[in-house]
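Just so it is clear, the model here is predicted, and its values are computed rather than measured. Both counts, for ligands and for their atoms, begin at 1 and track the order of listing.
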Amino acid sequence: MRFLVVGAGFAGATCARQLAEAGHDVHVVDRREHIAGNAYDHLDEHGVLVHRYGPHIFHTNSDKVFDYLSRYTDWRAYEHRVLASVDGQQVPIPINRTTINTLYGLDLDEAGVAAFLERVREPRESLRTSEDVVLNSVGRELCDKFFRGYTRKQWGRDLSELSAGVAARIPTRTNDDDRYFTDRHQGMPAQGYTALFERLLDHPRIRISLRTDWRDLRQDDVAQGWDRLVYSGPIDEYFGCVLGKLPYRSLRFEHRHVADVDALLLPVGTVNHPNEHGYTRETEFRHLTGQDHTGTSLVREFPTDEGEPYYPIPAAENEALFKQYQAMAEAEAAGGKGVLFVGRLAQYRYYNMDQVVAAALHACEELLAELAAPLSATPVRQEETVA
Ligand code: FAD
Ligand code: UDP
């Protein structure tokens, strides 16, 4: 069977590989001029490896996803650390023992920090919004120092207008662990993400067309020569936004390079700025990649409503609209079109990279099982009769 895969990010590339390995011919199209989607990295004009769309750190608790990607890359061991610039000091985020002791001039042990948090937190019966999550764990003052301003900048909304899952990404700790992630597997692809994607997509049954927008191809699917579609672009766009636009949040990235440095400029990979500047955070890539270089390259992230859709916005009303689009997708599948919607934009999920790979592997397992089933066990699909 011939598949058209829209998008060469983690969702599209994983599906392409799985389908090609199962003996199908796959044509991957992406409207950008490169593969790897938002994980794309490249040498900047100074020769420093940078992530064009902001810092990407791989982390997962899934052995399956880690083993799968390890077929296409070796890893550089790396554990991300982040400091937040608060009250004129740089302190660890997630909030931990060091954060509390530094901010308040205390010397609490773990039990002392737990008692401190117990005193300041505002217990909530139900954790519906991100505000509930933060107030319930650290109370109002720490919420205002670390979360409210950052969130307003990042999402253009108050914490109370976002689903609980957004702030729940950031834990609170009473110990000294200052790692951003605690997953079993964490690291950076040893030669970078784009090199990983080159290997992932390197298969005789996969062909790739860049600078190619699926919307220009969709009119004429049979003539274009595909039987089935895997779609990893925005789901509302697939349906011409007939039910209205799903909101996505965007970022403007400001990259800069500083030549001839004696030492790296930031103390850790990323410094967050919850309450100052127009940007949320700054990242220095050589911390992440370990690259040797005489200069250093950094990126600042300025959130905006305009531009590429980077983040689905987790909120009840958006989820409701997404569900309507999802129902349209299911109706289309039942009508025989059988499009696979997979990835952060197509599933409108605030997914990390590993979750996208897991979703893509799962979707392909189901699809391949369906295709392998005897005909009597599956409804005859229109495109199978056409093909
Ligand atoms: P994408 O990577 O967005 O790929 C979709 C592709 O489809 C795009 O290349 C797009 O051009 C293409 N496309 C869309 N519509 C069309 C069309 N009509 N025709 C042709 N092509 C089309 N995750 C982590 O695990 N760790 C991190 O540290 C991390 N940091 C992040 C930092 C930032 C700033 C951002 C924005 C995301 C971060 N993520 C991180 C999330 C990660 O980027 C995503 O989970 C992952 O890249 C999503 O993969 P995807 O294939 O679903 O989507
Ligand atoms: N967040 C915050 N302050 C911080 C870090 C995170 O308020 O210093 C909140 C904010 O709403 C952010 C969310 O937690 O959007 C998730 O943070 P994460 O670092 O996971 O965001 P991402 O890397 O996906 O942009």
Side-chain angles (χ1 to χ4, degrees), residues 4-15 28-40 51-60 65 80 82-86 91-95 130 133-134 143 145-155 157-159 162 165-170 180-181 183 186 188 193 197 209-218 231-235 237-238 248-251 253 269-275 280-281 283 288 299 301 303 308-314 341-347 349-357 359-360:
L4 181 74
V5 173
V6 178
F10 268 109
T14 302
C15 288
V28 180
V29 298
D30 201 297
R31 58 188 172 198
R32 293 176 175 170
E33 81 265 9
H34 57 73
I35 57 171
N38 287 340
Y40 176 68
H51 300 179
R52 178 172 292 176
Y53 306 100
H56 280 69
I57 297 101
F58 183 79
H59 57 101
T60 190
V65 168
H80 196 46
V82 180
L83 295 175
S85 171
V86 168
V91 291
I93 175 86
I95 291 172
S130 277
V133 169
V134 177
C143 174
K145 285 185 193 298
F146 288 88
F147 291 93
R148 200 174 299 279
Y150 188 107
T151 299
R152 159 88 36 208
K153 236 191 292 184
Q154 169 70 16
W155 299 97
R157 299 168 167 238
D158 188 66
L159 277 166
L162 287 161
V166 176
R169 290 167 64 91
I170 314 297
Y180 207 60
F181 309 110
D183 302 55
Q186 10 189 338
M188 302 292 294
Y193 288 96
F197 274 80
S209 303
L210 299 175
R211 297 181 199 83
T212 304
D213 196 316
W214 164 75
R215 288 171 297 183
D216 300 331
L217 305 179
R218 72 182 301 186
Y231 180 83
S232 72
I235 187 166
E237 207 175 279
Y238 178 88
Y248 296 88
R249 191 74 168 155
S250 192
L251 295 170
F253 298 102
T270 297
V271 174
N272 286 0
H273 296 276
N275 301 310
T280 48
R281 59 187 177 191
T283 297
L288 279 53
V299 67
E301 298 170 48
E308 283 278 313
Y310 293 124
Y311 291 87
I313 304 181
F341 291 88
V342 61
R344 179 147 145 147
L345 304 171
Q347 296 181 271
R349 285 279 165 275
Y350 189 1
Y351 274 156
N352 294 321
M353 295 180 280
D354 64 319
Q355 295 170 303
V356 170
V357 173

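Contact between Phe58 and ligand 1 is absent, with no heavy atom of the residue lying under 4.0 Å from the ligand. Taking a 4.0 Å cut-off on heavy atoms, Glu301 registers as neighbouring ligand 1. Residue-ligand proximity: Thr212 is placed with a non-hydrogen atom under 4.0 Å from ligand 1.
Judged by the 6.0 Å distance and 45° axis criteria, Arg344 is not positioned over the aromatic ring of Tyr310.
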Could you go through ligand 2 and note, for every N or O atom, any protein N or O atom closer than 3.5 angstrom, writing the atom names and distance to 0.1 Å, or 'none'?
{"residue": "ligand 2", "atom": "3 (N)", "partner": "Phe146", "partner atom": "O", "Å": "2.9"}
{"residue": "ligand 2", "atom": "7 (O)", "partner": "Phe147", "partner atom": "O", "Å": "3.2"}
{"residue": "ligand 2", "atom": "7 (O)", "partner": "Thr151", "partner atom": "OG1", "Å": "3.2"}
{"residue": "ligand 2", "atom": "8 (O)", "partner": "Asn272", "partner atom": "ND2", "Å": "2.9"}
{"residue": "ligand 2", "atom": "11 (O)", "partner": "Thr151", "partner atom": "OG1", "Å": "2.9"}
{"residue": "ligand 2", "atom": "11 (O)", "partner": "Trp155", "partner atom": "NE1", "Å": "3.3"}
{"residue": "ligand 2", "atom": "15 (O)", "partner": "Trp155", "partner atom": "NE1", "Å": "2.8"}
{"residue": "ligand 2", "atom": "19 (O)", "partner": "Tyr180", "partner atom": "OH", "Å": "2.5"}
{"residue": "ligand 2", "atom": "20 (O)", "partner": "Arg169", "partner atom": "NE", "Å": "2.8"}
{"residue": "ligand 2", "atom": "20 (O)", "partner": "Arg169", "partner atom": "NH2", "Å": "3.2"}
{"residue": "ligand 2", "atom": "21 (O)", "partner": "Tyr350", "partner atom": "OH", "Å": "3.1"}
{"residue": "ligand 2", "atom": "23 (O)", "partner": "Arg281", "partner atom": "NH1", "Å": "3.0"}
{"residue": "ligand 2", "atom": "23 (O)", "partner": "Arg281", "partner atom": "NH2", "Å": "3.3"}
{"residue": "ligand 2", "atom": "24 (O)", "partner": "Arg169", "partner atom": "NH2", "Å": "3.1"}
{"residue": "ligand 2", "atom": "24 (O)", "partner": "Tyr350", "partner atom": "OH", "Å": "2.6"}
{"residue": "ligand 2", "atom": "25 (O)", "partner": "Arg281", "partner atom": "NH2", "Å": "3.2"}
{"residue": "ligand 2", "atom": "25 (O)", "partner": "Tyr311", "partner atom": "OH", "Å": "2.5"}

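In terms of protein heavy atoms, atom 28 (O) of ligand 1 is closest to Ile57 N, 2.8 Å. Remark: minimum distance from atom 6 (C) of ligand 1 to any protein heavy atom is reached at Asp30 OD2, 3.5 Å. Among all non-hydrogen protein atoms, the one lying nearest atom 2 (O) of ligand 1 is Asn38 N, 2.9 Å. Closest to atom 19 (N) of ligand 1 among all protein heavy atoms lies Trp214 N, 2.9 Å. For atom 4 (O) of ligand 1, the closest non-hydrogen atom on the protein side is Gly9 CA, 3.7 Å.
Looking at Arg349, His56, Arg211 and measuring to atom 38 (C) of ligand 1, the nearest heavy atom belongs to His56. Relative to atom 41 (C) of ligand 1, the option among Arg215, Glu237, Gln347, Arg344 with the closest non-hydrogen atom is Arg344. Around atom 32 (C) of ligand 1, the closest heavy atom drawn from Ala39, Pro55, Gly54, Ala36 belongs to Pro55.
For Tyr53, every heavy-atom contact with ligand 1 shorter than 4.0 Å involves the backbone, none the side chain. Proximity of His80 to ligand 1, defined as any heavy-atom pair under 4.0 Å, is not found for any part of the residue. With a heavy-atom cut-off of 4.0 Å, Val356 touches ligand 1 through its side chain alone.
Looking only at atom types and distance, the side chain of His273 has no donor-acceptor partner in the side chain of Thr280 under 3.5 Å away.
Every residue two or more places apart in sequence or in another chain that forms a ring pair (Phe, Tyr, Trp, His ring centres under 6.0 Å) with Phe181 is listed here: His59. Lys153 is linked by a salt bridge (Lys or Arg N to Asp or Glu O under 4.0 Å) to nothing, counting only residues two or more places apart in sequence or in another chain. Annotation: ring pair (Phe, Tyr, Trp, His ring centres under 6.0 Å) contacts of Phe146 (sequence neighbours excluded): none.
One distance of note links NE2 of His56 with CE of Met353; it measures 5.5 Å at 0.5 Å rounding.
Remark: Arg32 engages Glu308 in a salt bridge, criterion side-chain N to carboxylate O under 4.0 Å.
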